[in-house]
Amino acid sequence: MGPMNDDVVSDRGVWYRVESGSAASTARRAAERLGAQLAMGDARIADLSIVAAELTSNLVKHADDGVVLLRPVRRDGEAGVELVALDSGPGMADLTASFEDGHSTVGTLGIGLGAIVRQASWFDGYSRPPRGTVLAVQVWPKPDGGHERPWVGALSRPLAGESVSGDGYAWRIVEGRRQVLVCDGLGHGPLASAATDAALDAFRKAPAGPPAAVVAHLHRSMSHTRGAALAVAEPDPSAGVLRYSGLGNIAAAVIGGDGKRRGLVSLPGIAGHQRPPVREYDYPFDADALLVMHSDGVVDRWQLADYPGLVDRSPLVVAATLLRDAGTRRDDACVLVARGWS
């Protein structure tokens with residue numbers, strides 16, 4: 001796990017398995033290089049190094065199967081660095097206390113995770129013993145950046161043994177429409193990743209229109225690839241509706257404010273091949289609702305009710321928790337979560 005070329009980190013990121021001090025150092029140095037490539041400045045790169053060191057050292061100290069995702073994040077012409085740390089246990093009994101200086105995550109003296117609070121522009125987390133902990137941190141060039149309340153978050157992971165994932169995600173706001181995309185390129189490896197890259201590029205450039213029109217545009221734009229399963233959703237809480245259009249094996253559900261889960265319909269077909277049917281469906285969706293979309297690399301038996309308090313965390317932390325617990329290592333996996341926040 002880790003990049004084949006340490007100098008290249010795509011927007012979908014690179015995963016590092018952190019099981020030893022040397023692995024933690026490798027991830028920290030990669031974060032520093034990414035900060036330098038993004039021209040964040042020496043002071044913020046030093047802050048980023050502290051954040052990466054604290055995250056990874058805690059994975060080494062107390063985590064089972066600890067991994068960290070490193071990737072750039074972009075907003076309004078500015079770029080920062082994001083790290084997402086996941087472990088499968090034992091978890092932290094009091095995550096809030098763990099962020100206070102002087103609290104140790106292993107019962108000995110230490111600075112705990114308080115350094116992250118001071119150096120990061122934004123952070124969030126969730127922990128439930130014995131299932132483990134998820135921590136998400138962003139470091140932007142300006143220390144006070146990154147305080148916007150995120151309405152969407154996503155991450156993807158390649159299957160074991162592959163350096164790139166055929167699954168991907170994107171979101172955009174065009175003419176007032178908030179739209180999200182999840183894509184699963186057929187197969188695995190570079191050709192699957194290339195199909196998804198084509199879909200992501202076409203999505204970002206697509207004319208404004210409802211999800212069915214965007215899916216049709218993606219289909220036409222992907223004829224040179226091996227094709228993909230994909231779905232586009234448009235949450236519109238002001239109208240109380242979510243518009244959805246999907247092709248192939250992309251799973252999606254709306255979790256209402258009452259906690260009830262409602263599955264969304266994707267039609268059979270492959271974007272980029274033949275003439276698949278494209279339909280659009282409307283579902284109730286208000287400001288308290290949550291949209292969850294994922295590829296078939298995530299087992300569709302998860303229940304947010306199994307995670308008390310998780311629905312109150314950021315979309316990225318919700319997505320990372322589901323990927324950790326429901327993602328399979330035998331396939332590429334991707335999870336996207338969007339809220340109804342205006």
Side-chain angles (χ1 to χ4, degrees), residues 12 151-152 154 156 165-188 191-255 261-285 289-298 300 319 331-338 340:
R12 278 187 267 172
W151 66 275
V152 61
S156 63
S165 174
D167 291 358
Y169 52 84
W171 54 82
R172 66 176 189 164
I173 301 177
V174 54
E175 294 187 2
R177 295 177 179 268
R178 283 185 172 180
Q179 295 182 334
V180 299
L181 165 70
V182 168
C183 183
D184 180 354
L186 293 189
H188 308 291
L191 291 180
S193 181
T196 290
D197 284 342
L200 302 185
D201 183 63
F203 174 76
R204 296 184 182 105
K205 297 175 180 177
V214 176
V215 169
H217 173 82
L218 300 184
H219 166 65
R220 294 190 296 269
S221 302
M222 297 175 62
S223 60
H224 63 291
T225 74
R226 62 166 54 178
L230 55 81
V232 173
E234 182 180 299
D236 186 355
S238 62
V241 66
L242 180 132
R243 305 174 185 94
Y244 181 85
S245 181
L247 289 175
N249 200 11
I250 300 296
V254 168
I255 313 300
R261 171 178 168 176
R262 180 172 185 173
L264 312 187
V265 175
S266 286
L267 298 179
I270 302 172
H273 288 256
Q274 301 175 343
R275 288 189 176 181
V278 177
R279 301 286 187 272
E280 185 172 310
Y281 301 92
D282 292 352
Y283 300 91
F285 193 83
L290 198 68
L291 167 68
V292 179
M293 300 170 62
H294 59 79
S295 67
D296 62 358
V298 175
D300 194 26
D331 198 358
D332 299 329
C334 174
V335 184
L336 178 145
V337 175

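This chain uses plain numbering: 1 for the first residue, then up along the sequence.
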> For Leu218 and Leu181, what are the C-alpha separation, side-chain angles and deciding distance, and is it a side-chain contact (heavy atoms from CB on, under 4.5 Å)?
Replying inline: CA-CA 11 Å; Leu218 300 184; Leu181 165 70; 3.9 Å; yes
> Yes or no on side-chain contact (heavy atoms from CB on, under 4.5 Å) for Leu264 and Leu291, after CA distance, side-chain angles and deciding distance?
Replying inline: CA-CA 10 Å; Leu264 312 187; Leu291 167 68; 3.9 Å; yes
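Of all heavy-atom pairs between Glu280 and Pro210, the closest is OE1-CB, 3.4 Å. Listed here is the closest heavy atom pair of Ala195 and Met222: O-CE, 3.6 Å. Here the closest non-hydrogen pair linking Ala154 and Ala319 is CA-CB, 4.5 Å. The minimum heavy-atom distance between Leu230 and Ala271, with the atom names listed, is CD2-CB, 3.5 Å. Minimum interatomic distance between Val265 and Tyr244 (heavy atoms only, all atoms of both residues): O-CE2, 3.2 Å. The minimum heavy-atom distance linking Ser266 with Gly248 is given by the pair CB-O, 3.4 Å.
The distance from atom CG of Leu267 to atom CD1 of Ile250, rounded to the nearest 0.5 Å, is 13.0 Å. The distance from the CG atom of Asp331 to the OG atom of Ser165 is 8.5 Å, given to the nearest 0.5 Å. Note that the CG atom of Leu200 and the CZ atom of Arg12 stand 5.5 Å from one another [nearest 0.5 Å]. Here the straight-line distance linking atom CZ of Arg204 with atom CD of Gln179 works out to 13.5 Å at 0.5 Å rounding. Between the CG atom in Asp184 and the CD1 atom in Ile270 there is a gap of 11.0 Å [rounded to 0.5 Å]. The structure places NE2 of His294 at 11.0 Å from CG of Leu336, a figure rounded to the nearest 0.5 Å.
Proximity of a side-chain donor or acceptor of Ser245 to a complementary backbone N or O of Arg279 within less than 3.5 Å is detected. A distance-only check finds no donor-acceptor pair linking the side chain of Arg262 to the backbone of Pro284 [under 3.5 Å]. Arg243 places no side-chain N or O within donor-acceptor distance of the main-chain N or O of Pro211, the cut-off being under 3.5 Å. The backbone N or O of Ala228 sits nowhere less than 3.5 Å from a side-chain atom of His273 that would complete a donor-acceptor pair.
A 4.5 Å side-chain heavy-atom check between Val232 and Phe203 finds at least one atom pair inside the cut-off. Side-chain contact between His219 and Val278 is absent, with no heavy-atom pair separated by less than 4.5 Å.
Exactly one of Asp167, Thr196, Asp332 qualifies for a side chain to side chain contact (heavy atoms under 4.5 Å, CB included) with Ser295. That residue is Asp167.
Between Trp171 and Tyr169, the angle of the ring planes stays under 30°, which puts this pair in the parallel group of the 30/60° scheme.
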